[in-house]
Peer 1: 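Once you've had a glance at the structure underneath, I'll fire off some questions.
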Amino acid sequence: MTKMVPVPSRGIIPERDVDKRPILETHHLGIDFGGLTAVDDISLTIGRTEISGLIGPNGAGKTTVFNMLTNVYQPTRGTILLDGKPTAGKTTAQVNRMGIARTFQNIRLFSNMSVLDNVKVGLHNEIKENLFASVTHAFGYVKAERKARERALELLDFFSMADMADAEAGSLPYGAQRRLEIVRALATNPGIILLDEPAAGMNPSETAELMENIRRIRDTFGIAVLLIEHDMSLVMNLCEGICVLDHGKVIAKGSPDEIKQNPAVIEAYLGKKKEAE
Amino acid sequence: MLKFKSLKKTTRTAVTSYGIILVAFAIMFPLQQFGLLSNAMAGQLVPICTYIVMAISLNLTVGVLGELSLGHAGFMSVGAFCGAITSSALQEVIPAAPLRLLVAIIIGGIFAGIAGLLVGIPVLRLRGDYLAIVTLAFGEIIRNIINCLYVGVDKRGLHISMKDIASLGMENGRVIINGPQGAVGITRISTFASGIVLILFTLFIVLNLMNSRTGRAITAIRDNRIAAESVGISITKYKLTAFITSSVLAGMAGALYAMNFSTVAAKKFDFNTSILILVFVVLGGMGNITGSIIATTILYMVPEILREFSDYRMLIYAIVLILVMLFTNSAKAKLFRERVFDFVLRRKKNEEEEGVKND
Ligand SMILES: Nc1ncnc2c1ncn2[C@@H]1O[C@H](COP(=O)(O)OP(=O)(O)OP(=O)(O)O)[C@@H](O)[C@H]1O
Ligand SMILES: [Mg+2]
């Protein structure tokens with residue numbers, strides 16, 4: 001799995017081609033809810049350091065795809081290969097340990113805990129101490145706690161949040177809460193991170209900062225990013241590959257330029273938006 | 001200047017909790033030793049210690065883990081009867097009372113922990129509030145089983161029967177558990193000091209756990225299960241950890257409690273007792289360990305003190321319930337408490353500084 005070793009951002013492009021095997025593959029993925037097909041026949045391939053987008057109108061099934069990728073929902077059909085290994089039958093927690101982390105459309109922080117503790121929870125499987133150490137506060141507890149604290153602060157600092165470490169997570173402004181969710185997900189040291197509408201509710205300057213951060217995540221941690229987003233300029237500027245869903249089905253796949261010119265997409269998605277304006 | 005509020009929250013909780021217990025011991029122990037307490041009061045010391053341990057341990061399940069348990073007294077009774085059997089059976093083997101008490105408490109804790117495991121494994125895998133109903137049933141089942149349990153000891157060892165004493169088939173043996181009468185002929189080896197030690201042990205376990213990797217995982221599950229799973233936390237594992245820890249501590253409290261009386265019947269550990277402990281926890285504040293200690297002490301003492309005012313007893317009790325709830329849970333009360341502690345600490349600091357000047 002991708003290690004959290006900083007990769008120099010210059011010269012990253014040649015290095016990216018070292019490992020050609022995709023980090024994530026899905027084959028004909030589909031799910032029914034009580035006989036109703038919500039998502040059907042999704043086949044995706046995502047490279048190890050690729051930034052990809054999953055877009056589509058409201059209710060298209062984007063979040064449902066994320067829920068299948070993380071085994072929150074068990075897919076009715078199809079297979080998911082994470083780093084070449086099938087995830088069928090695994091729990092959400094096990095899939096995370098296999099290398100997939102995510103954020104949520106409706107923010108899900110541990111809102112009564114401090115910012116620092118939220119990130120420490122993310123480090124759960126990265127920095128371990130056993131139950132005996134937990135109960136006695138000895139036998140490696142101090143060392144593990146210090147290590148967790150240092151790593152958590154390091155990660156927070158990466159997103160200029162170190163000064164908020166002691167604040168209660170629920171009391172943070174909206175944008176900071178979204179950033180904290182990303183930090184917490186990164187703390188699990190994933191090979192791919194899924195972001196569900198990371199720019200929702202952000203103003204243009206926050207969105208610009210977010211785009212910069214997503215690039216930095218890819219460059220620094222050398223991992224893949226798959227994001228759901230309604231902000232088209234963000235998607236078109238950031239993503240190398242885009243997949244468009246409508247009514248649970250893939251209607252187009254390709255580079256931003258290809259997507260922009262695809263008539264089916266304009267019809268289903270961009271066209272609708274124009275009408276609404 | 002040393003400010004109580006500026007300390008980390010976890011440190012504050014630890015200082016307050018250990019502080020209250022140590023101060024209470026420092027005041028009550030001499031009074032008890034010199035016989036200055038009324039008989040009724042002296043008799044309540046060990047039960048109060050027991051119920052404080054019960055409340056703290058239940059708070060781990062209800063407040064920290066966020067699962068409702070309605071059968072905490074069931075685990076207490078497992079500990080009580082296993083402890084009583086251990087102590088009676090080992091009377092000749094371990095003559096030293098404190099050591100025998102320690103062994104009985106440990107055995108009581110282990111068996112309650114096993115009961116917790118058996119209840120927890122099937123239930124805590126499910127999503128939803130199944131734990132409440134299953135622990136409720138567990139409490140009732142355990143009580144009914146012990147009601148028709150006969151245990152005796154003779155030279156050949158332990159004898160167990162579910163019928164009557166005769167079917168134990170003992171030669172010159174001693175009956176330890178006599179059906180509906182419960183555990184009989186217990187040597188009363190629990191002491192106030194051992195109760196305080198058990199509270200300190202419980203605080204050590206629970207406060208340390210809360211402020212650790214394991215505790216963060218447990219709290220994360222309570223705050224947001226889906227998010228906790230998404231960062232790789234095994235839900236069942238940590239739910240079980242919290243629940244079993246809570247059961248073990250309840251079993252230890254049960255053993256301490258049993259050894260304070262010469263007889264203990266199973267009906268003492270019924271649904272009402274479970275609810276009483278839950279009331280202590282809720283009124284003391286979910287996840288608030290200090291609150292559990294304060295609420296238990298006050299709410300356990302008040303009915304005893306009010307015995308003389310029998311007519312108004314329930315009325316005053318209700319008022320006290322409300323006051324305790326306000327004191328432990330409102331933001332203003334929290335602020336007030338912090339001020340009080342600030343004041344105390346500042347005085348201490350000033351005294352120290354003056355002491356330095358005088359030198
Ligand atoms: N657990 C469920 N049970 C039944 N139907 C569901 C469930 N989850 C999702 N759906 C349905 O699947 C469809 C896709 O929902 P989903 O949340 O994936 O859309 P989305 O593309 O993320 O939309 P949005 O842009 O609004 O977030 C919706 O019609 C929704 O009602
Ligand atoms: Mg969605």
Side-chain angles (χ1 to χ4, degrees), chain A residues 66-67 70-72 91-104 106-114 116-138 140-141 144-145 147-148 166 168-170 181 184-190 194, chain B residues 5-12 14 57 60 63-64 66 109 113 125 127 201-246 248-249 285-288:
Chain A
F66 272 20
N67 283 335
T70 51
N71 277 19
V72 172
T91 64
T92 302
Q94 286 168 329
V95 178
N96 170 261
R97 280 175 239 148
M98 287 171 72
I100 196 162
R102 73 176 289 187
T103 66
F104 297 88
N106 313 309
I107 299 174
R108 286 178 178 274
L109 286 172
F110 309 119
S111 41
N112 297 319
M113 291 191 200
S114 71
L116 188 71
D117 279 353
N118 268 268
V119 185
K120 280 188 186 171
V121 173
L123 290 167
H124 185 81
N125 290 308
E126 285 301 301
I127 299 169
K128 294 193 177 182
E129 98 210 355
N130 61 30
L131 179 61
F132 193 63
S134 278
V135 166
T136 55
H137 279 202
Y141 167 86
E145 274 313 284
K147 224 168 116 190
D166 292 325
E168 199 174 85
E181 258 207 329
R184 184 182 65 187
L186 276 177
T188 68
N189 191 10
L194 313 180
Chain B
K5 236 194 297 187
S6 68
L7 291 173
K8 257 177 68 188
K9 198 174 154 215
T10 47
T11 325
R12 249 177 344 188
S57 60
L60 184 58
V64 182
R125 306 163 71 101
R127 288 172 195 175
F201 174 74
T202 305
L203 280 175
F204 178 77
I205 299 284
V206 173
L207 292 178
N208 277 355
L209 194 66
M210 282 170 75
N211 184 26
S212 72
R213 170 178 178 264
T214 310
R216 282 191 298 269
I218 294 168
T219 317
I221 293 170
R222 176 197 68 191
D223 276 5
N224 202 315
R225 188 183 55 80
I226 293 177
E229 268 185 297
S230 84
V231 292
I233 290 171
S234 315
I235 306 298
T236 312
K237 179 177 163 190
Y238 286 96
K239 278 187 175 179
L240 271 176
T241 304
F243 186 65
I244 292 172
T245 308
S246 162
V248 169
L249 293 171
M286 294 290 198
N288 180 348

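Just so we're on the same page: letters track the sequence lines, and every chain starts at 1.
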Peer 1: Tell me the closest heavy-atom pair linking R108(A) and I226(B), and the distance in Å.
Peer 2: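 Scanning both residues completely, I find the closest heavy atoms to be NH2-CD1, 3.5 Å.
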Peer 1: Looking at side-chain heavy atoms only, is the closest gap between V231(B) and H124(A) below 4.5 Å?
Peer 2: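 SC-SC contact between V231(B) and H124(A) ruled out.
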Peer 1: Which one wins on heavy-atom pair count under 4.5 Å against chain A: T241(B), V206(B), I205(B), I233(B)?
Peer 2: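 Top option by heavy-atom pairs under 4.5 Å: I233(B).
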Peer 1: Tell me, yes or no, whether the heavy-atom count around N130(A) atom CG, taken from other residues, nucleotides or ligands under 6.0 Å, exceeds 12.
Peer 2: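 More than 12 within 6.0 Å, yes.
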Peer 1: Considering all heavy atoms of both residues, which atom of N125(A) and which atom of R213(B) are nearest to each other, and what is their separation?
Peer 2: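 That closest heavy-atom pairing would be OD1-NH2, 4.1 Å.
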Peer 1: Roughly how far, to the nearest 0.5 Å, is the OG atom of S134(A) from the CZ atom of R216(B)?
Peer 2: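 Rounded to the nearest 0.5 Å, the CZ-OG separation comes out at 8.0 Å.
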Peer 1: Pick from N112(A), T103(A), I127(A), L123(A): which one has the most heavy-atom pairs with chain B under 4.5 Å?
Peer 2: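 The residue among N112(A), T103(A), I127(A), L123(A) with the greatest pair count is N112(A).
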Peer 1: With heavy-atom distances below 4.5 Å as the criterion, would you say the side chains of L131(A) and L209(B) are in contact?
Peer 2: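 A side-chain contact exists here, since the closest heavy-atom pair is under 4.5 Å.
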Peer 1: Hey, what do you get for CG (N208(B)) to OG1 (T136(A)), rounding to the nearest 0.5 Å?
Peer 2: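 Result: 7.0 Å between the selected atoms.
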Peer 1: For chain B, find which of Q94(A), R102(A), E181(A), M113(A) contributes the most heavy-atom pairs closer than 4.5 angstrom.
Peer 2: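 Ranked by heavy-atom pairs under 4.5 Å with chain B, first place is M113(A).
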Peer 1: Could you measure the distance from the CG atom of D117(A) to the CG atom of N211(B)? Nearest 0.5 Å is fine.
Peer 2: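 If I round to the nearest 0.5 Å, the distance is 7.5 Å.
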Peer 1: Consider only side-chain N and O atoms of S234(B) and R97(A), and report whether a donor and an acceptor are under 3.5 Å apart.
Peer 2: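 Looking only at side-chain atoms, R97(A) and S234(B) do form a donor-acceptor pair, the distance falling under 3.5 Å.
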Peer 1: Kindly compute the distance separating CZ (F132(A)) from OG1 (T214(B)), expressed to the nearest 0.5 Å.
Peer 2: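 F132(A) CZ to T214(B) OG1: 12.5 Å, rounded to 0.5 Å.
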Peer 1: Tell me, side chain or backbone of S111(A) under 4.5 Å from chain B's heavy atoms, or both, or neither?
Peer 2: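 Looking at S111(A), just its backbone touches chain B.
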Peer 1: So what's closer than 4.5 Å to chain B heavy atoms on L109(A): side chain, backbone, both or neither?
Peer 2: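 Backbone only.
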Peer 1: Can you tell which part of T245(B) gets under 4.5 Å to a heavy atom of chain A, answering side chain, backbone, both or neither?
Peer 2: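 Contact with chain A: none, neither part.
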Peer 1: Taking E145(A) for its side chain and S212(B) for its backbone only, find out whether a donor-acceptor pair lies under 3.5 Å.
Peer 2: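 No, E145(A) side chain to S212(B) backbone: no donor-acceptor pair under 3.5 Å.
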Peer 1: Main chain of S230(B), side chain of N96(A): is a donor-acceptor contact present, judged purely on distance under 3.5 Å?
Peer 2: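 Yes; at least one donor-acceptor contact below 3.5 Å.
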